[in-house]
Amino acid sequence: MIFLRPASLYLSLLAGVILLLYLLRTRTGRREVATLFLWKGLHSGRTAPARRLRLLVDPLLILQLLALLFIVLSLAEPTLQTGSASRIAILIDGSASMRTIADGEHSRYELAVKRAIALLDEGRAGRAAVISLSDHPRILVGPEGPRDEAAEALASSRPGWYADASPSDLSRMIAAIGGEGEFDRAVLFSDRPFPDPPPFLETIAITGGENGGITAFTIREDPAAGGVDAFVRVDNYGGEDRAGRLRISDGADSVEMAILIPSGSSEDYVIPFPTSRSVSFTAALEPADDFPADDIRYFALARPIELSVRWVGTPDRYLLAALRAAVPVRLVGEGADLTVIYDADPPPDVTGDVLLVHAGMPGIVRLGGDGGGGDVLALAPDHPLLAGVRPADLRVWSVPFLDSIAPGDVLLTAAGRPFLVEFTEGGRRVWFLASELAATNLPVTVDLPILVQNIVRRVIRLPAPLDYRWAVVGAGIPLRGSGEPVDSVVGPDGGPIRILPGQAAFFPPVPGEYRLVTKRGTYPVGVNVPLSESLPPPVIEPGEDRVARLGGPAGLRPLWPILAGLAAFLLVVEWFAYARVDPFQRRPR
Amino acid sequence: MERVIDEEFLRRLGNLRFIARRRRKGDIFGVHPSPRSGMSLEFADYRPYTPGDDFRYVDWNVYGRLDRILVKRFSRESDLPIYILLDLSSSMRIGTPSKASYATHLSAALAYLGLRSLDRVGLYPFTDRLGRPIPPRHGMGQMAHILSALAGLEPVGETSIDRAAAEFNSHSRESGIVVLISDFLTADSYEEGLGRLVHRGHEPIAIQILAPEEVHPSGLGRMQLIDVETKQRVRLTVDRSTIASYEKRLEEHLRRLRRALFERRIPYFLALTDLPLSRFIHEELRRGGVIE
């Protein structure tokens, strides 16, 4: 038997009041009689010397105490667990966006915890499992966890800095706690409900809070000046215009500028640092909004590590600059990591990965004549090569027809023809960009360095720093591979992070600037909150929560009606008993 | 004191009337028999005709059958004074309803019975001495006086039946039925008073009023018992054995009372205040031959 409201048991202290009243009442009674001669000289009866002993024989007192006992017990809602206890699975969104201040005081996560605990109280669940759901989900309380333990775990839990969970994460966690059949209910508290949730999953949407933030931040080396250019995109998803200051810092110098972002729009900024030789950069918005985590972004420029590039064909300073922004580039004649073939025929001794720009390659793609331009469409927007790229911003004025093309991943089309394609040939990758940069607006957009950076990430997998200049929380950073091995990691707070011997990857848990230490040097890594966490949650109409309130959960039998009935019966008996008491002994109630 | 009597109660008294055990000399014709024979309403006997008898009383039917001249004799019926002696000492306050209330209602009912039977009824409240009496008179106007007096009476003082009886005898000019209503819970003597009433030629009837809780007390524990008449106090721890002793002592007291009354041929009735008054009158008094 469990008490759902154990605090009510404190009401039993009222028994002390009843006893006190009886002690006051048990003073010597006064009784008028017609004559005393019938009483005088009678043998006085024995009585308990102490009042407390006299109380024991008062049936009214015993009845009242019993009635009080049953009333208090019924208020405490004793519940008998019969058979299998009711079980509930609480899935609480632990992603970074749940840190958003929702009501000016509490975060979405705190509100979710509050409602989850209330649900446990309302539902009178016997057992509850608790899962913190993100792309790094955790089981806080297992499926056999008592309700109180679940409530404590919820109260003491904190959201992470990770991205939202995927449907597969959800399925995996449900399976880990025994599957949906193990629970009477499964309830998800999230600010970003799954678009097509499983039928057994009830969803309670937790919304509130205004957000905007830096949604793109990259540094490109300026080959002419020797410094760098910072490219920043600021989005305002809130309902009001956002005025503030944008500050870019390389650790030594900083640039500040006033910004005004209308509601629902974004602005791109290019800030030059002509003399900067720094490798660590931050972009920050002030003042912070309800979700400050995306108001500061980190970017690391891993200058000490070079990418050997063989350039074939027409030089293009924009593409080269984008390459240099992504990685220190060393131009070589042969044995390159990446061969760029720009509007030219490929040489026979191509090594490494290949980037074809308005160029063909035997067995891969053969160009026909140039055709007109058109809209750019993303056929695979989730492809890693398009991470951070906004295809809708791209403009293409000329796209060649193709005589032949090998099977590959067509990522973008322009005018209905392949515009960006990724091929895998043997042990290397080949990227095909159909148009010259001059036939597009790529040179003047922030998408070019991002796209090139994504290409470089796929070219140079290791050592890690190059591939993860813009890393996100929770995403694994490889520590081993064909590149230079990482010996140790230093966290954003300057403290060492333990790396086990042979550890293959490192998963940064919080945003900030990390440093990977190798024998050849130290390489910074900017770790940021996932971009997806900055996006506004879908509009959720009130009452859309798919929550069914628990009635009487199976396996729990409330005992309070029985106890309340007993209390009422005892009170009636006490009332009748009182009515039969000698009127001389009665006291006004 | 609350309203003493109502119409419904009087209606239920029906045609009851007092029964006198001895014939009285009445001044006027009432419904009670008088030892004086003669013109009356009730046939009594025959006697042989003697010269000078009124021929109107010769029973000619008997002469025709027996050839003897007999004269009819009649019992002369007369009224009978009824004295109601009502104990209104403080001890009569005990009970729910109080013994005084019960006794007052009973007094009113008996007064009504007497007056309706053309008897003279008087009310004599007493405590340790006689209170302000209402001398016996007949007629329903007397009923109004008695009711008014009863409504203004409050129990107070101690009880002394002996002294009250002595004073009553000095007030009553003629003998009659004396209804003595009291709880008889007094340690003082009452035998002398009863004897005075009998010797004065009255026909006493004793009605004892007791509260049920006086007969069977309840309530245990430490008590401070207060005599409502003398205000004396006794501290006592009452348990079941104490109550048993009390009941035994009360029974002895009642036995002594009944013996005293029996020796003086005084009818005795006990009325507990939880017994409906009409039931007491219709059953107890009627069965006891006090009324018919």
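By convention in this document, chain letters (A, B, ...) are assigned in the order of the sequence lines, proteins followed by strands, and residues within each chain are numbered from 1.
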Does B/R93 use its side chain to pair, donor to acceptor, with the backbone of A/A34 at less than 3.5 Å?
no
Are any of the side-chain heavy atoms of A/F37 and B/H253 separated by less than 4.5 Å?
yes
Heavy-atom distance under 4.5 Å between the side chains of A/R31 and B/I226, does that happen here?
no
Side chain, backbone, both or neither: which part of B/T186 has a heavy atom under 4.5 Å from chain A?
backbone
Measure the shortest side-chain to side-chain distance between B/P217 and A/W39 over non-hydrogen atoms and say whether it is less than 4.5 angstrom.
yes
Answer with side chain, backbone, both or neither: which region of B/Q232 has an atom nearer than 4.5 Å to a non-hydrogen atom of chain A?
both
I'd like to verify something: which residue of B/S90, B/A187, B/A211 has the highest number of heavy-atom pairs under 4.5 Å with chain A?
B/A187
Measure the spacing between CD of B/E252 and CG of A/L38 and express it to the nearest 0.5 Å.
11.0 Å
Can you confirm whether more than 12 heavy atoms, excluding those of B/R256, are under 6.0 Å from its CZ atom?
yes
Around atom CZ of B/R279, are there more than 12 heavy atoms from other residues, nucleotides or ligands closer than 6.0 Å?
no
Nearest non-hydrogen partners of B/V228 and A/E32, listed with the distance:
CG1-CB, 3.4 Å
With a 4.5 Å cut-off on side-chain heavy atoms, are B/E229 and A/T35 touching?
no
side-chain contact (heavy atoms from CB on, under 4.5 Å) with A/V33: of B/L225, B/V234, B/I94, only one passes, and it is B/L225
